Amino acid sequence: MKISFFKNIGIKDTDSKNFWIPIILFVFSFLIRIIILIGFSKSPSFNVPIIDEANYNELARALASGEKMDRSFFWQPFFYPFFLSIVYFFTDSSILVAKVVQILVGSLTSLLIYFLAKEVFDRKAGIIAGITASLYAPMILFETLLLSEGWAVFFSALLLFLILKVRKSKNLLLIFLLGIISGLSIIARPTFLLFIIVALCWLIFDFFLGKMPVKLIIYNGLVLLTGLFIILFPVSLKNFTLTDNFTFLPHSGPINLFIGNNPDADKTIQLRPGTDWDNMVSMAKINGAETLQEEQRYYLKFFFNYMLSDPIGFIIGIFNKTLQFFSSREIPRTTDLYIFRKYSFVFSILVWNIGNFGFPFGLLLPLALIGIFYNHKKIPVYFYFLLLTYSLSIIAVFVSSRLRLPIIPAIIVIASAGTVTFYENIKNQIQNKKWQKIIIATVLIITLAMSVSIPGPFATEKHNYESEMLTIVATSCLGKGNVKDSIKYLNEALKINPKNKIAYRVFGLIYLIHDDFREAEEFFKKAISLDNEYAEAYYDYGNLYYMLGNYDEALIKFKKTIELSPYFFEAEINIGSIFFLKRNFNEAIFHFEKALKIKPENVIAHKKAGDAFMEIGNFEKAIFYFYKAFIISPDADTAYILANLYFKNNPQTYDIDESIKWAKIACRLSSNTNAEYLFMLAVINLRMNRKDQAIDNAEKALSFADSSDENELAAEIKEFIKNNKLYKYYFNIIYK
């Protein structure tokens, strides 16, 4: 049965004398990847996800641990964090297992590319393509990182293969599977969308040209759309339940379009996680956008205004991105491929650059061009669709090495034919002793290779990614309390890049945590000397003065932070906190609410605003902010405060029912182990003349107070039980 299935989809090697070829190819591909993965395990970042990896890792861990999805899950494409959460669920969040699964998928990709080239050209081209895919280092690297590129390349190869087989066999199972894989590829990489629309429309048209009956064409089309629907509809529906936005596309699309298309694109493309990035993603909210749809419209409007107001700048930007896309070098953005060469000898052989020339893409692309020149009639038209539509989809936004990978399967297949053609031509010329043609052919290859290597370096190639990586690892170590390793990696980072301002800032934080304020101040000053507009360093400097109790100096630093970074909501919260301490509650409220305009779901700002409104006696507003805080992040303390507020809100009537409700919630969230919450419930019940319930609550509270050695509270509870007529007195004590 299994063999017949493979026959149905056109894989005939399963029962032929050459059955061993794909098996050897798969094993070879997997072994190469394992060897490289073992080498990469020596990298400090092997178990420390960086930037996009960190975001995927955090989302996947949260989902695997049972937390509900929120809108952040749809910021980036849906597929990868969902896949990663499944792996984490079954492996106790093992990063290593996730990477092994991904290199298995990469090995399957090599196998698919072999079958593709064999089907389109011949077995010789298939073997060359399979070996090339097995050794294509950029693909291998991103399969070993917590990123979606390995899956995107797999889906690309599988889409090409399925379209090829569907066109030949018209098999309903394959048509349905094509719909499923099309849907998965879109939620893995939305940049597939244009290709899938074009390719599937062409496929239906091809059915029509093949004189397939119209009814059968409609039936096949419905089967295909059913496969798409099964994947895209649930994703869109889940997105809608979280954001009121019924779409399978990620929320980051419009802002990514803005990042790559604005007058300062070289700057925005290099923004790293931190306040500069937060400033950019908060622009829409600060300018009045209240919903996700309004935020997206804001960035789309910015993009279109730029395109229409500065068409020359826009065209120059597109031209520049086109050069980057087809550059022989691997263009970085958040990850520089070349820094991993030091961790694996095999990897260092498979990918390198000399000057502006980068291997292997610098050789692969010229061979593909030769393949197109000599074999353009054999190449299926949808290969061209993929190369054109996917390239346009990336160039329209912004370019990096990892985003280029999904076109690599098509390029490898075409280049394999180019390699065979080039070899055979050279062989014939040698036999005929036509040395002049050999020289011309060799010069042609070199010229083509150099033509994709001339431009550069581009803006993103000038950043020191290794020093940044070590700094992120150092920060992770510090977060885990491993100060020794943190200092080690910071020193390495500064050795590579002595102007690494972030490393100096993290050093300052280490000393600040250990109350060595003098040393902390020196490092913050050093960071600011390297960049006088480094908002984070001013913020930390402000925290230093705040810890010392010098609120006036702290206020100066925090205000400088806001001046440099208007969307730095933590600084707004700290400014509000200082005014709160100075008992200038109205000014404090102004800054807390300003922080909430930037980060509407920040729990701390909601609670601090609630505290400030309590101080001025505006209990209605205080309830509003504490309730919002509770909805965002339920906890017993907030429920306790709400119970208190509902009792205080109207001194004439009191909202006892609401007060009891929140008191019970506080008890439930604290697993009924908090004596103070239970005693509060006892007092409220007594106020409602529910004496038996009050005494019962009080006795439980006393039990917990005694077990946790809360002696003063235990004494109050005993007195309450002994003489409940004093409940008003104790009620006032509790609520003060």
Side-chain angles (χ1 to χ4, degrees), residues 51-52 55-56 59 69-81 148 152 186-197 232 235-236 238-273 275-311 313-315 317-318 320-321 325 333-334 389-400 402-403 460 566-567 597-601:
I51 308 178
D52 285 345
N55 185 47
Y56 286 135
L59 291 172
M69 289 185 188
D70 57 24
R71 64 179 282 179
S72 64
F73 208 90
F74 288 88
W75 170 255
Q76 291 176 301
F78 175 85
F79 174 84
Y80 189 72
S148 64
I186 290 171
I187 62 172
R189 271 284 165 217
T191 36
F192 277 117
L193 181 59
L194 182 58
F195 165 67
I196 286 168
I197 292 172
L232 299 184
V235 174
S236 301
K238 187 62 179 179
N239 196 346
F240 178 75
T241 61
L242 296 174
T243 67
D244 293 329
N245 199 15
F246 189 80
T247 179
F248 47 80
L249 298 175
H251 305 161
S252 58
I255 197 169
N256 284 337
L257 201 59
F258 161 77
I259 290 171
N261 298 277
N262 67 79
D264 296 314
D266 279 352
K267 181 179 179 181
T268 54
I269 192 68
Q270 294 187 78
L271 290 180
R272 328 308 289 168
T275 55
D276 288 338
W277 174 264
D278 290 341
N279 290 342
M280 183 176 65
V281 299
S282 300
M283 285 169 54
K285 293 176 185 175
I286 294 297
N287 285 280
E290 296 182 357
T291 66
L292 173 63
Q293 292 84 348
E294 289 176 351
E295 290 177 31
Q296 293 180 322
R297 284 196 291 271
Y298 175 87
Y299 293 108
L300 286 174
K301 183 179 178 180
F302 201 109
F303 163 73
F304 285 116
N305 285 343
Y306 169 66
M307 184 173 61
L308 295 174
S309 63
D310 187 9
F314 175 75
I315 292 170
I318 292 293
N320 185 50
K321 286 185 285 184
F325 189 85
R333 183 170 179 252
T334 57
T389 58
Y390 195 90
S391 300
L392 287 175
S393 298
I394 297 299
I395 292 168
V397 186
F398 53 75
V399 174
S400 72
R402 58 188 261 211
L403 299 180
T460 54
Y567 312 129
K597 287 182 180 178
I598 303 169
K599 289 284 185 180
E601 297 189 356

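Just so you know, these numbers come straight off a predicted model, no measurement behind them.
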Describe, in one word, how the ring planes of Tyr306 and Phe314 are oriented to each other, choosing from parallel (under 30°), tilted (30 to 60°) and perpendicular (over 60°).
->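 If you compare the ring of Tyr306 with that of Phe314, the planes turn out perpendicular.
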Under 30°, 30 to 60°, or over 60°: which ring-plane class applies to Phe258 and Phe302, parallel, tilted or perpendicular?
->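 Ring orientation, 0 to 90° scale: perpendicular.
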List for me each residue that meets side chain to side chain contact (heavy atoms under 4.5 Å, CB included) alongside Ser252, sequence neighbours excluded, and say none if there are none.
->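 Applying side chain to side chain contact (heavy atoms under 4.5 Å, CB included) to Ser252 gives Trp75, Pro250, Ile255, Asn256.
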For residues Thr243 and Asn239, is any side-chain donor paired with an opposing acceptor at under 3.5 Å?
->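 Per modelled atom types, Thr243 and Asn239 side chains form a pair under 3.5 Å.
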Have Asn262 and Thr268 got a donor and an acceptor in their side chains that come within less than 3.5 Å?
->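 Looking only at side-chain atoms, Thr268 and Asn262 do form a donor-acceptor pair, the distance falling under 3.5 Å.
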Residues, nucleotides or ligands: over 12 heavy atoms within 6.0 Å of Glu601 CD =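 Incorrect, the count does not exceed 12.
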Of all the heavy-atom pairs spanning [X] and [Y], show the shortest one and how long it is.
X	Y	result
Met283	Tyr567	CG-CE1, 3.8 Å
Phe325	Ser391	CE2-OG, 3.3 Å
Tyr390	Leu403	CE2-O, 3.2 Å
Leu249	Pro190	CD2-CB, 3.9 Å
Lys321	Val397	NZ-O, 2.9 Å
Tyr56	Ser148	OH-OG, 4.3 Å

Inter-residue atom distance [X].[atom1] - [Y].[atom2], 0.5 Å rounding:
X	Y	atom1	atom2	answer
Arg189	Ser393	CZ	OG	11.5 Å
Phe304	Met307	CZ	CE	5.0 Å
Ile259	Asp264	CD1	CG	13.0 Å
Ile186	Phe78	CD1	CZ	14.5 Å
Tyr80	Asn55	OH	CG	12.0 Å
Ile196	Thr191	CD1	OG1	9.5 Å

Sub-4.5 Å side-chain heavy-atom contact between Phe303 and Pro254 =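 In short, these two side chains do not touch, never coming nearer than 4.5 Å.
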Beyond-backbone contact of Thr334 with Arg402, side-chain heavy atoms, under 4.5 angstrom =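 With C-beta onward as the side chain, the pair touches.
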Given 3.5 Å as the limit, does a donor-acceptor pair link the side chain of [X] with the main chain of [Y], or not?
X	Y	value
Ser236	Phe246	no
Asp70	Ser72	yes
Gln293	Asp244	yes
Arg333	Thr460	no

Would you sort out whether Asn261 and Ile318 count as a side chain to side chain contact (heavy atoms under 4.5 Å, CB included), showing the intermediate values?
-> CA-CA 8 Å; Asn261 298 277; Ile318 292 293; 4.2 Å; yes
Just one of Phe74, Phe240, Phe79 clears the side chain to side chain contact (heavy atoms under 4.5 Å, CB included) bar with Val235, so which one?
->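 For Val235, the side chain to side chain contact (heavy atoms under 4.5 Å, CB included) check succeeds only for Phe74.
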